[in-house]
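Below is one structure, written out as structure tokens, with a few remarks after it.
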Protein chains: 2
Amino acid sequence: MSVPTIEPGPVPADEEPPDTGERHRLTAVTGLAALSLDAMASVAYGPEAIVLVLATAGAHGLGLTVPVTLAIAGLLAVLVTSYRQVIAAFPNGGGSYAVAKTHLGTRTSLVAAASLVLDYVLNVAVGVTAGVAALTSAFPALYGDRLWLCLVVLALITAVNLRGIVESAKAFIVPTVVFVGSIFVLIVVGLFRSAPVSTATADGHASALAGNATTVGTLLLLKAFASGCSALTGVEAITNAVPSFRVPRVKRAQRAEVALGAVLGVMLIGLSVLISRFHLQPVRGVTVLAQLADASLGHNWAFYVIQFATMILLALSANTSFGGLPVLLKLLARDNYAPHVFALKADRHVHRHGVLALAGASAALLVFSGGDTNTLVPLFAIGVFVGFTVAQVGMVRHWRLERGSGWRGKALLNGFGAVLTGVAAVVVTGSKFEEGAWLIVIALPLLVAAFEAVYRAYTRIGDRLALGRVPEHPHRHRSIVIVPVSSLSRLTSEALTAAVSLGDEVRAVTVHHPDPEDRAHHHALARDWAAWNPGVPLIPLASEHRSLGRPIAVYVRETAAAERDARVTVLIPEMEPERLWQRLLQNQRGALVAHAVRRDTDAVICRLRFRLP
Amino acid sequence: MSVPTIEPGPVPADEEPPDTGERHRLTAVTGLAALSLDAMASVAYGPEAIVLVLATAGAHGLGLTVPVTLAIAGLLAVLVTSYRQVIAAFPNGGGSYAVAKTHLGTRTSLVAAASLVLDYVLNVAVGVTAGVAALTSAFPALYGDRLWLCLVVLALITAVNLRGIVESAKAFIVPTVVFVGSIFVLIVVGLFRSAPVSTATADGHASALAGNATTVGTLLLLKAFASGCSALTGVEAITNAVPSFRVPRVKRAQRAEVALGAVLGVMLIGLSVLISRFHLQPVRGVTVLAQLADASLGHNWAFYVIQFATMILLALSANTSFGGLPVLLKLLARDNYAPHVFALKADRHVHRHGVLALAGASAALLVFSGGDTNTLVPLFAIGVFVGFTVAQVGMVRHWRLERGSGWRGKALLNGFGAVLTGVAAVVVTGSKFEEGAWLIVIALPLLVAAFEAVYRAYTRIGDRLALGRVPEHPHRHRSIVIVPVSSLSRLTSEALTAAVSLGDEVRAVTVHHPDPEDRAHHHALARDWAAWNPGVPLIPLASEHRSLGRPIAVYVRETAAAERDARVTVLIPEMEPERLWQRLLQNQRGALVAHAVRRDTDAVICRLRFRLP
């Protein structure tokens with residue numbers, strides 16, 4: 001993802017992360033390990049995406065797995081070189097939103113932001129489904145319940161984030177190293193074999209796509225290429241985290257980026273060679289990676305280690321969205337493109353809304369896809385490519401403005417990357433339109449429109465609030481405090497004490513209805529009031545209707561109209577029982593009155609909570 | 001149900017039902033039509049409940065349908081006679097809660113109330129499932145989706161009740177008359193046939209219970225009797241609506257009650273004779289009533305008319321709970337057994353909680369039963385019988401206290417009724433315990449305990465509020481108003497104007513965090529404040545943490561402790577955008593501060609909403 005993953009867990013309300021010294025910062029090696037999680041995790045679904053497309057052209061098609069993967073590795077090289085340049089140009093952390101904001105104008109930067117938001121959501125869904133696919137490949141009996149498993153994993157991740165965990169990116173080093181290590185062992189061992197040692201996992205499963213076409217068209221190759229490019233998600237993570245590296249930051253970050261590209265490229269090519277060598281077919285219910293583990297290492301403990309490592313890595317990768325999306329939304333909120341609540345130094349319960357919203361959207365995607373990774377991966381790829389393209393185009397503009405030494409070469413490289421990723425975005429969108437890409441095509445412009453609507457609304461609000469101009473001086477008015485009353489108790493006495501302390505004039509009001517029972521109650525109250533004689537008049541308000549709030553709101557409005565020089569305040573007393581369940585016993589009169597007064601008048605509403613002793 | 005159905009729809013906030021004159025009141029005939037809906041609707045599932053039990057003993061068992069039905073008709077006669085007596089004894093509307101409260105003490109009346117609450121919920125679930133069963137009998141293709149259909153019908157009824165409809169019981173006359181008329185035609189035509197004219201609906205359906213037992217034990221007969229008694233639900237409705245009849249009210253109501261018993265008895269016996277004559281077997285997916293309609297009238301338009309009439313009647317019968325439960329809860333709330341909110345002259349949004357709670361509980365029952373009427377009917381019967389039994393025992397006590405002419409005979413009759421319904425309650429509970437009756441056995445005492453807990457809590461609260469005693473006189477204190485501020489705008493100016501009008505001393509406070517960006521903002525604010533010079537000090541509160549609310553709450557607490565003679569009030573200004581969606585743009589600072597201050601202090605919280613012009 002394109003926003004700092006260095007601080008992936010939300011920071012809880014009570015703890016500011018300590019300002020880490022240089023000593024705690026990342027070297028090229030630890031930086032690679034700490035920031036490559038998303039990129040490495042995509043190895044679990046990228047090759048599979050290629051195989052699935054090529055399988056529609058039968059064995060002949062599958063024979064082209066290696067060439068397609070080589071093309072993707074080529075694009076990876078271009079991207080990595082291009083991002084080396086981004087690192088140099090935006091040492092404070094770039095990301096496509098920052099690049100586009102600087103060089104391509106508002107609208108384009110919002111397109112980049114929208115694609116990032118979609119990616120964060122899809123990243124959760126893809127991580128969860130792919131993780132569960134790794135699990136069900138190891139335990140096929142769970143396959144039928146994969147959607148439920150996905151929802152359970154999502155619930156788990158959500159719960160962890162709701163609690164608010166503090167974790168360092170360094171916590172990611174171990175699982176990433178274990179995963180990458182296993183994949184390398186898998187590849188190396190596999191290269192020494194001429195045939196699979198085991199096909200246990202795939203046995204008994206139906207082939208996913210019975211391909212019978214014999215010719216492989218250009219379009220199919222393009223599709224395979226575009227689908228496989230999903231393996232490239234995550235390569236931009238280091239770009240955003242340059243400030244987290246030790247000095248010389250740019251150098252170290254660039255080295256980490258290149259190393260990331262190399263490791264990822266070797267893994268992709270290695271896996272594709274094995275796929276060809278073992279003549280793997282995609283089968284329903286078993287991931288390609290699981291089949292490869294089986295074929296190369298056998299159906300033993302090593303197989304299960306790889307499946308577990310994959311699952312854990314993918315779940316962690318899904319988790320990064322929960323840290324990343326808030327950072328992006330905060331940037332957008334500061335620029336007035338997202339509700340300001342996202343920019344608030346988060347008290348915990350504000351943060352929760354964001355976590356729940358992300359979880360809800362991801363859950364919807366999980367249900368939409370039926371828990372199937374291969375439905376989600378193309379959608380994910382679209383957003384990623386849009387982001388890549390925008391960032392590269394922005395870099396072209398950057399070099400043209402800067403015109404440093406060799407700027408033409410650099411611009412050409414970024415331009416070439418932009419064309420490749422742009423084409424990939426169009427191909428994936430076109431070929432997967434009916435299977436879900438329409439969702440992105442609709443959601444992306446809607447999001448951009450929403451950002452712009454928010455911006456316009458804030459501009460208008462700022463204008464009306466006269467933000468940035470010196471406001472009128474405050475001036476004192478006579479103050480009338482109105483206290484709704486329904487019976488005589490300590491609560492009434494407390495409320496009147498508060499009211500006479502606040503107001504120059506206090507009026508108690510009580511609403512009565514025409515039915516006989518109520519009339520009797522009202523007479524008793526009037527009598528008791530006179531006997532009590534608190535020095536505040538009790539004004540009866542007749543209500544023909546069953547409403548309690550409206551007569552009071554009407555009275556407040558009339559009072560405000562009659563006493564133009566005074567400010568009218570409504571003070572609503574409420575008892576607050578000590579135990580939580582007893583809140584159910586509150587009669588809600590206060591809430592009703594507050595609601596009506598707030599809706600119909602401009603009066604200040606004060607609520608006095610009387611804690612039961 | 002046992003609470004007035006004369007006013008079944010909730011009354012919306014703005015309309016008090018007009019005091020109907022004598023001319024608009026019910027005669028015996030219109031009363032019967034208006035108030036018998038629930039009782040008549042139970043014909044749709046009562047006979048089926050008998051057949052289902054007897055079928056376990058094969059053809060021999062089914063041969064006993066008529067005798068069992070005759071026994072039920074006998075109980076019906078006892079109940080009707082008994083309720084004639086209740087009408088005379090409680091002319092203001094009885095119901096088992098009222099009878100028990102008068103004669104059997106608190107605990108028993110609460111048992112009656114709890115059974116009524118359960119019945120209201122079950123009435124919704126049974127009405128909906130039985131209605132949908134009538135529909136799927138006509139359109140078997142829908143059978144697989146019956147749970148979804150049930151939930152859709154429930155959603156529809158809920159939506160109608162959320163809107164708040166005013167309808168008179170008279171609206172029920174037409175569907176009731178159509179339904180009863182169709183059933184009579186069905187019976188009369190059927191009696192002229194010696195064999196079914198059609199078995200179209202049942203063809204192709206599996207037999208529900210393949211019975212092979214050849215002996216029919218007493219227990220089986222008891223079970224069939226108890227299950228069939230579900231046909232008696234609703235016979236008490238007239239008892240509750242005596243005040244709605246024209247004078248002489250008691251006479252007319254008694255006549256309507258007897259007529260109800262007669263019509264219901266004739267329908268039950270008639271249907272059971274047809275069941276025997278046509279040798280009907282219970283089959284999955286087709287109601288007994290649908291089979292009878294087929295057998296007697298043929299598979300033609302008449303069949304569909306009966307199915308539709310049944311469905312509509314059952315849906316309306318489900319709907320009556322939404323009118324009845326609030327009336328019961330209001331009675332309970334007045335006696336301090338239920339939250340007072342239920343006794344509030346209902347503004348619309350209070351009413352909504354009740355509707356949604358009832359809908360939620362019913363939906364849970366629908367899912368629990370999988371949309372199957374025959375799972376729910378026994379549970380329904382238990383609650384109804386408990387209510388019957390309590391009412392009858394109460395009447396025995398009534399006659400013993402009154403000792404009027406012939407009191408022994410009357411008491412004997414009520415006692416006999418009590419024994420019969422009591423036995424029926426025990427039998428149904430025992431025989432259906434594992435299939436769901438445990439739910440009632442658990443829920444009933446829990447509800448009673450809840451009522452009592454609410455009562456105790458209200459007693460304690462009333463005590464602490466010193467309700468009914470003359471409270472202390474209110475006295476004026478110096479008042480300090482604290483206004484949280486984060487920027488300078490018209491909103492700030494409005495807030496300070498309100499604050500200086502209310503307080504003797506006003507202090508503005510602002511929270512700042514240690515990060516550099518925030519420090520800059522804070523310096524700018526302090527400078528602008530000094531330049532503005534509003535006559536109110538701006539007090540900076542440092543926050544080490546990310547919390548905004550807590551530093552303010554701490555300051556409020558410290559101020560209150562330091563100035564013991566003063567009352568501290570917090571005034572929170574908020575802008576309120578004109579359009580609803582723009583509320584999302586509010587930064588929630590106000591809500592955060594209010595939440596923290598409310599949680600940690602006793603200060604009065606005032607909120608000033610500044611409507612954007």
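Lettering of chains follows the sequences in order, A, B, ..., and the numbering in each one begins at 1.
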Legend entry - Contacting moiety of Arg607(A), where chain B heavy atoms sit under 4.5 Å: both
Inset, instruction - Using atom types as modelled and distance alone, determine if a side-chain donor or acceptor of Trp529(A) lies under 3.5 Å from a backbone N or O of Leu488(A). - result: no
Inset, instruction - Go through Leu496(A), Asn336(A), Ile605(A), Ile572(A) and name the one with the most non-hydrogen pairs under 4.5 angstrom from chain B. - result: Ile605(A)
Inset, instruction - Heavy atoms only, distances under 4.5 angstrom: which of Pro471(B), Pro339(B), Pro573(B) has the most pairs with chain A? Name it, please. - result: Pro471(B)
Inset, instruction - Taking Thr569(B) for its side chain and Val604(B) for its backbone only, find out whether a donor-acceptor pair lies under 3.5 Å. - result: no
Inset, instruction - Just give me the residue among Arg460(A), His477(A), Met575(A) that pairs up with chain B most often, heavy atom to heavy atom, under 4.5 Å. - result: His477(A)
Legend entry - Part of Ser486(A) lying under 4.5 Å from any heavy atom of chain B: neither
Legend entry - Positive for side chain to side chain contact (heavy atoms under 4.5 Å, CB included) with Pro484(B), one of Leu541(B), Val593(B), Val511(B): Val593(B)
Inset, instruction - Counting only heavy atoms closer than 4.5 Å, note whether Ala453(B) contacts chain A via side chain, backbone, both or neither. - result: both
Legend entry - Per-residue contact mode, Arg598(A) against chain B (heavy atom under 4.5 angstrom): both
Legend entry - Among Ala338(B), Pro474(B), Ala495(B), Ala333(B), residue most engaged with chain A (heavy-atom pairs, under 4.5 Å): Pro474(B)
Legend entry - Ser493(B) (side chain) donor-acceptor with Glu472(A) (main chain) under 3.5 angstrom: yes
Legend entry - Top contributor to chain A contacts, counting heavy-atom pairs under 4.5 Å, from Gly503(B), Ser501(B), Cys606(B): Ser501(B)
Inset, instruction - Can you tell which part of Thr492(A) gets under 4.5 Å to a heavy atom of chain B, answering side chain, backbone, both or neither? - result: neither
Inset, instruction - Look at Asp528(A), Val500(A), Val481(A), Val570(A) and state which one has the largest set of heavy-atom pairs under 4.5 Å with chain B. - result: Val500(A)
Inset, instruction - Check the pair Glu494(B), Asp602(A) against side-chain contact (heavy atoms from CB on, under 4.5 Å), reporting the backbone distance first and the verdict last. - result: CA-CA 12 Å; Glu494(B) 281 287 319; Asp602(A) 286 325; over 6 Å; no
Legend entry - Heavy-atom pair count under 4.5 Å with chain A, highest-scoring of Val454(B), Leu608(B), Leu491(B), Ile461(B): Ile461(B)
Legend entry - Residue selection (most heavy-atom pairs with chain B, distance under 4.5 Å) from Asp504(A), Asn533(A), Val536(A), Val506(A): Asn533(A)
Inset, instruction - State, with a plain yes or no, whether a side-chain heavy atom of Leu548(A) is found less than 4.5 Å away from one of Arg589(A). - result: yes
Inset, instruction - Calculate, to the nearest 0.5 Å, the distance between atoms CG and OH belonging to Leu331(B) and Tyr337(B) respectively. - result: 12.5 Å
Legend entry - Any donor-acceptor N/O pair, Arg490(B) side chain to Arg464(A) backbone, under 3.5 Å: yes
Legend entry - His473(B) side chain vs Trp532(A) backbone, donor-acceptor pair below 3.5 Å: yes
